[in-house]
Amino acid sequence: TYDFMITGSSTDVANSGINFDEQLFVEVADAGNEVMFTFTSELDAPTSVIAFMYYDTGSYTDLFTDIFVADVSSGVDIEKKSPTTSPYLPDNFDTDYKFGFVPAIPYSDQKGINHYDEYATLSPNLVTGYLYADVISALNEGLAEATGLRIGLLASHLLDSTQDDAGFVNNSAVVPLPAAWPMMMAGLGMMGLVARRRAK
């Protein structure tokens, strides 16, 4: 699971002093011949929403033949968009694939990904010969270099205001989802107990 961090934003978000790290996630899963990118949000503001998702394949232009919407939770309506850029994307981010909510009127009824129980899963068609491990390798390269695979988000209404407060986010580090912490701590506790018994 990859965490995201705000790297560019509207003036309101940039000056808010609020840290939005470790609240936006994409889980990358191996599904046999497919790879699943599941986007989730833990943002506290009830109206905040992941509105758009971007992919920059960097030097891995032959990794995917396409990306499609594989699954969404109730209340989410995501579609493929023209791969346009955003003023909050880094200058060297070249959008190859873009997804976003299906427009709704009023705008407040947008069907993006709100917090906690909503998600959207995108799945690429891998070029023959490439595997899940190749996608992870490309993603990990993208954490440090523009030549790797990079994923971006545009999260609107971050400040729970009537304005379209937005921030672009990109991969920061591999982290467990918040729900995974109790299991991880239990596992570490068991390892410690075993180590103590062996030391006796």
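Atom CG of Leu154 is separated from atom CG of Leu89 by 7.5 Å, given to the nearest 0.5 angstrom. Here Met53 contributes atom CE and Ile67 contributes atom CD1; the two are 11.0 Å apart, rounded to the nearest 0.5 Å. Taking CZ from Phe39 and CD from Glu118, the interatomic distance works out to 15.0 Å, rounded to the nearest 0.5 Å. The distance from atom CE of Met5 to atom CG of Leu24, rounded to the nearest 0.5 Å, is 12.5 Å.
Side-chain atoms of Glu141 and Tyr60 form a donor-acceptor pair, as typed in the model, at a separation below 3.5 Å. One side chain, Thr84 or Lys98, offers a donor N or O that lies under 3.5 Å from an acceptor on the other. No side-chain N or O of Thr95 forms a donor-acceptor pair with one of Thr85 less than 3.5 Å apart.
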Side chain to side chain contact (heavy atoms under 4.5 Å, CB included) between Tyr2 and Asn140, intermediate numbers included: CA-CA 10 Å; Tyr2 291 80; Asn140 290 338; 2.8 Å; yes
Worked check of salt bridge (Lys or Arg N to Asp or Glu O under 4.0 Å) between Asp56 and Arg150: CA-CA 5 Å; Asp56 175 4; Arg150 294 186 292 172; 2.9 Å; yes
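Formation of a donor-acceptor pair under 3.5 Å by the Ser41 side chain with backbone atoms of Ile113 is not found in this model. One N or O on the side chain of Ser123 and one on the backbone of Val35 form a donor-acceptor pair closer than 3.5 Å. Judged purely by atom type and a 3.5 angstrom limit, Asp96 uses its side chain to pair as donor or acceptor with the backbone of Thr57.
Residues that satisfy the salt bridge (charged side-chain N to carboxylate O under 4.0 Å, His left out) test with Asp66, not counting sequence neighbours, are Lys80. With sequence neighbours excluded, the residues satisfying ring-ring contact (aromatic ring centres under 6.0 Å, His included) with Tyr55 are Phe37.
Exactly one of Phe101, Phe99, Tyr97 qualifies for a ring-ring contact (aromatic ring centres under 6.0 Å, His included) with Phe52. That residue is Phe101.
Other residues, nucleotides and ligands contribute only 12 or fewer heavy atoms inside 6.0 Å of the CD atom of Glu145.
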